[in-house]
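Just so we're clear, the structure is a prediction, and the values are computed from it rather than from any experiment. All ligand and atom numbering here is 1-based and tracks the order in the structure.
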Amino acid sequence: MPLSPLRLAVFASGGGSNLGALLDAIAAGSVDACVAVVVTDRPGIGAIDRATAAGVDVQTVAPGDFASEADLAAALLAVLEAAAVDLVVLAGYLKRIPQAVVEAYDGRIVNVHPALLPDFGGAGMYGRRVHEAVLASGARESGCTVHLVDADYDRGPILAQVRVPVMDGDTPERLAARVLAEEHRLLPAVVATFAREREP
Ligand code: GRF
């Protein structure tokens with residue numbers, strides 16, 4: 001009896017290009033998964049438009065709307081349980097995942113980060129700041145990382161990385177684009193591995 005597709009929740013805070021890459025890979029048949037729900041921490045972002053265009057349910061769960069982390073965790077868990085999610089994918093999501101959610105989905109939350117962790121990660125290291133720091137360091141290469149998520153930013157076990165060169169004259173924008181292109185390949189590949197390695 002073939003397994004049903006791996007059910008994903010994709011969390012996003014921005015444009016959603018990683019969500020788009022995942023949806024494209026699923027449509028192309030290279031990832032045995034489906035995006036059951038997109039969770040955002042704010043309204044009005046590109047990821048919501050991409051999800052809506054793909055007919056995917058969107059749940060906006062804004063941390064500032066909750067009186068406590070426990071209330072936020074309960075709201076997130078309710079969304080994940082209602083969608084019968086197997087794997088949580090943080091794709092351009094900027095908020096910390098509450099410990100109660102990390103525990104409930106232990107080993108089943110992955111994040112993509114636009115640098116070679118453990119370098120250039122942690123609180124506040126996101127977007128352009130990451131690439132500025134890489135260039136300022138004089139590093140001759142950068143890349144992206146997919147890792148398991150724990151309650152700290154960018155700290156869980158690394159699952160996969162892809163390296164890209166830093167080119168002479170690189171700006172943060174040029175480096176970001178080179179890294180993002182690899183993110184769009186690496187994240188679907190890691191999700192495909194999760195789908196393949198499930199017990200029948
Ligand atoms: C990407 O660099 C991703 O690694 C980081 O957020 C950036 C934008 O992602 N977490 P997206 O275009 O919103 O998917």
Residue contacts for ligand 1, heavy atom to ligand atom, distance under 4.0 Å: Gly14, Gly15, Gly16, Ser17, Asn18, Ala91, Gly92, Val112, Pro114, Leu180, Glu183

Any residue meeting salt bridge (charged side-chain N to carboxylate O under 4.0 Å, His left out) with Glu103, in chain and number order, not counting sequence neighbours: none

Residue list, salt bridge (charged side-chain N to carboxylate O under 4.0 Å, His left out) with Asp150, at least two apart or on another chain: Arg155

Any Asp154 side-chain heavy atom under 4.5 Å of His147 side chain: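 Yes - at least one pair of side-chain heavy atoms lies under 4.5 Å apart.
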
Connected via hydrophobic side-chain network under 4.5 Å: Leu117 and Leu180: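 They do not share one cluster, since no chain of ILVMFWY contacts under 4.5 Å joins Leu117 to Leu180.
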
Pair Ser142-His131, side-chain donor/acceptor within less than 3.5 Å: no

Compile the donor-acceptor pairs under 3.5 Å between side chains in residues 48-55 and protein atoms, sequence neighbours left out, one pair per line.
from	atom 1	to	atom 2	distance (Å)
Arg50	NE	Gly15	O	2.9
Arg50	NE	Gly16	O	3.1
Thr52	OG1	Ile48	O	2.8

